[in-house]
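These notes concern the structure reproduced below.
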Protein chains: 2
Amino acid sequence: MSLPVEQPQPLDRRSRRRMETIEEILDIAETLMTEEGVNGLSLSEVARRLGVQPPSLYKYFPSLMAVYEALFERGQRVLCEHVLAVMAATPPGLPALVAGLEASVRWGLEHQAVAQLMVQRPVPSFTPSERAMAPALEQWEAMRAALADAVRLGDLGPGADSDEALHVGITLIAGVFATAASNEPHLPWGTGRFTPLFPKLMELFPTLYPPARKPRRRH
Amino acid sequence: MSLPVEQPQPLDRRSRRRMETIEEILDIAETLMTEEGVNGLSLSEVARRLGVQPPSLYKYFPSLMAVYEALFERGQRVLCEHVLAVMAATPPGLPALVAGLEASVRWGLEHQAVAQLMVQRPVPSFTPSERAMAPALEQWEAMRAALADAVRLGDLGPGADSDEALHVGITLIAGVFATAASNEPHLPWGTGRFTPLFPKLMELFPTLYPPARKPRRRH
DNA sequence: GTCTATACTCCGATAGAC
DNA sequence: GTCTATCGGAGTATAGAC
C-alpha cells in the first residue's frame, strides 16, 4: 500500500518538531475524549494539559472542528492499515475475513473514543470530509474481496459474494463493539460476557451462505 | 402486569396540570436531543421552546441531571411495557423471543436519542439510578424465560437456556441498532441495508443451539 | 510560536419580588 | 409558579505585543 519511502523526509528540524507537537495534541485530545466523552473535548483543557495557553493551539489547528477532523482521519488511516496487514497475514477467504473483522472490533475497543467518533456521530456539528472517509472504503473493499475469495475457494456459497454478506459482517462487529464498550469497556478481549461470543457469531456466515461442497481447508 | 386501576386518580386539577407540564418538558428535551445530540440538551433551550424563562424549569426539575434521569426512567419503563406486551401477544418460545428482540430494536430506532441515553453513556456526568434501571432487568428476565420456553418446546437445544444465548440476542439487536442508527437513521424498518438483515440474524439461534428433534410448530 | 488580554456567547443555578 | 436580575464559570476565537 505504501512504498518504502513513506515520507521523503525533506523535513527540517522545525517541521519535525511541529509534527511531533501536532501528534501530541491529538494524543491528549484522545485521552480527554476517553475520560470525558467524545463531546467533552475542549481546546482549553488540551492546552492546560499540554502546558500552553489556549491561543497557542490555533497555530496548529484553526478550530476545534479541525481537531475532530484530524482525529477522525488518523483513526481511519491507522485502523485501515492495521486491518489490511492482519488480513494479508491470514489465509485468504473466510479466515482472512474473520481475522479482519476481529481486528476491527478489537482495535475499536482499544480506541473507544476515536471509534465512537468514527462510527457514531456524537458531535452533530462535525461532519468528516470525504478524504478522511477514504480509508474506510478501502477497508470494506478488502473485506468484500475476501468474501469473493471465500466463495471461490469453497468456504461459502455463492450468495456470500455480495454486499449483503458484508453488511452482515459489519452488523455483527458493531454489535460486539456496542455491547462490550457500553457494559464492560475495560475488560480485555476474550473475557466478559460479549467479546467471547465473537467466534460463535462468525458461524452465521456458513449458516446463511452454505457452501455446496465442504470447505477445502481440511488438512 | 398492571391492574385496571393504574393511578387511583386522586389528582386535583393542579397536580394534573403539573404532570402535563413535566411530560411536555420531557417531550421537548427528547426532540432537542434528537436534533442536537444527547449532549446538546440544555435547560435554556428547553425553556425557550416551552415559552418560559429558564428559572421556571427548576420548579419541575432540580437540575439538568434530574431531567436526564427522568428521560432515562421514562424510556426504560415505556420500552419494557411495549416489549412485554408484544411478547405476550406472540406464541411462546422462539417466536416470542424474536418478536421481543425485534420490538426492542424497532423502538430504539424510533426513539434514537433516548435509546442512546439508555444503552450508551454519552453524558459521563450522568449515572442512572438503580430504580430507573429496574424495567430493563424485567425485560431481560422475560427474554430469558422465552429462551427456556423455546428449549422446553423443542425450538432450540438445551444450551439455549442460558445467559449466553441471551447475550447473543442482545449483541445482535445492538448491531442492527448501531448500524441503522449511524448510517440510515431516517429509513423505516425493513428498508435500507441493515434492518432487513434482522430475520437472517435470528437464524443464528437454531444454528448455535440446534434442537434434537425438529421444531413442533409445523402446522 | 508563545504569551497576555479580551471580546463574545452560552450555560447552570440561585435570590428574591410579585 | 412565574418573572427579573445576577452570580460564576465555561468555552471558542481573535488581536497584538514580544
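In the text below, chain A, chain B and the rest are named by the order of the sequence lines, each starting its count at 1. All values derive from a computational prediction rather than experimental measurement.
A:Leu32 CG to A:Arg48 CZ: the interatomic distance, rounded to the nearest 0.5 Å, is 9.5 Å.
Across the protein-nucleic acid pair, A:Leu50 atom CG and C:dC3 atom P stand 9 Å apart, rounded to whole Å. Protein atom CZ of B:Arg13 is 16 Å distant from nucleotide atom C1' of D:dG1, rounded to whole Å. In this structure, A:Glu36 places its CD atom 13 Å from P of D:dA10, rounding to the nearest Å. When the P atom of C:dG1 is taken as reference, atom CD of A:Glu20 falls 12 Å away, rounded to whole Å. We find that CD of B:Glu24 is positioned 14 Å from P of D:dG1, with the value rounded to whole Å. Atom-to-atom, CG of A:Asn39 to C1' of D:dG11 comes out at 13 Å; the value is rounded to the nearest Å. Protein atom CZ of A:Arg16 is 18 Å distant from nucleotide atom C1' of C:dG1, rounded to whole Å.
Closest to the side chain of B:Tyr60, out of C:dC3, C:dG1, D:dG1, is D:dG1.
For B:Glu164 and B:Arg144, the salt-bridge test fails: no basic side-chain N is under 4.0 Å from an acidic carboxylate O.
Among residues two or more places apart in sequence or in another chain, the side chain to side chain contact (heavy atoms under 4.5 Å, CB included) test is passed with B:Asp27 by B:Arg74.
At least one side-chain nitrogen or oxygen of B:Ser56 sits closer than 4.0 Å to the OP1 or OP2 atom of D:dC3. Contact annotation: A:Arg18 reaches the phosphate of C:dG1 (side-chain N/O to OP1 or OP2, under 4.0 Å).
Checked by atom type and distance alone, the side chain of A:Asn39 pairs as donor or acceptor with a backbone atom of A:Pro122 at under 3.5 Å. Without hydrogens or angle criteria, A:Tyr68 side chain to A:Val38 main chain gives a donor-acceptor distance under 3.5 Å.
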For this session: Spell out protein contact along nucleotides 11-18 of chain C as letters: B when the base is contacted, S when just the sugar-phosphate is, - when no protein heavy atom is under 4.0 Å; keep the 5' to 3' order.
Result: SSBB----
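Nearest heavy atoms, B:Ser104 versus B:Met143: OG-CE, 3.7 Å.
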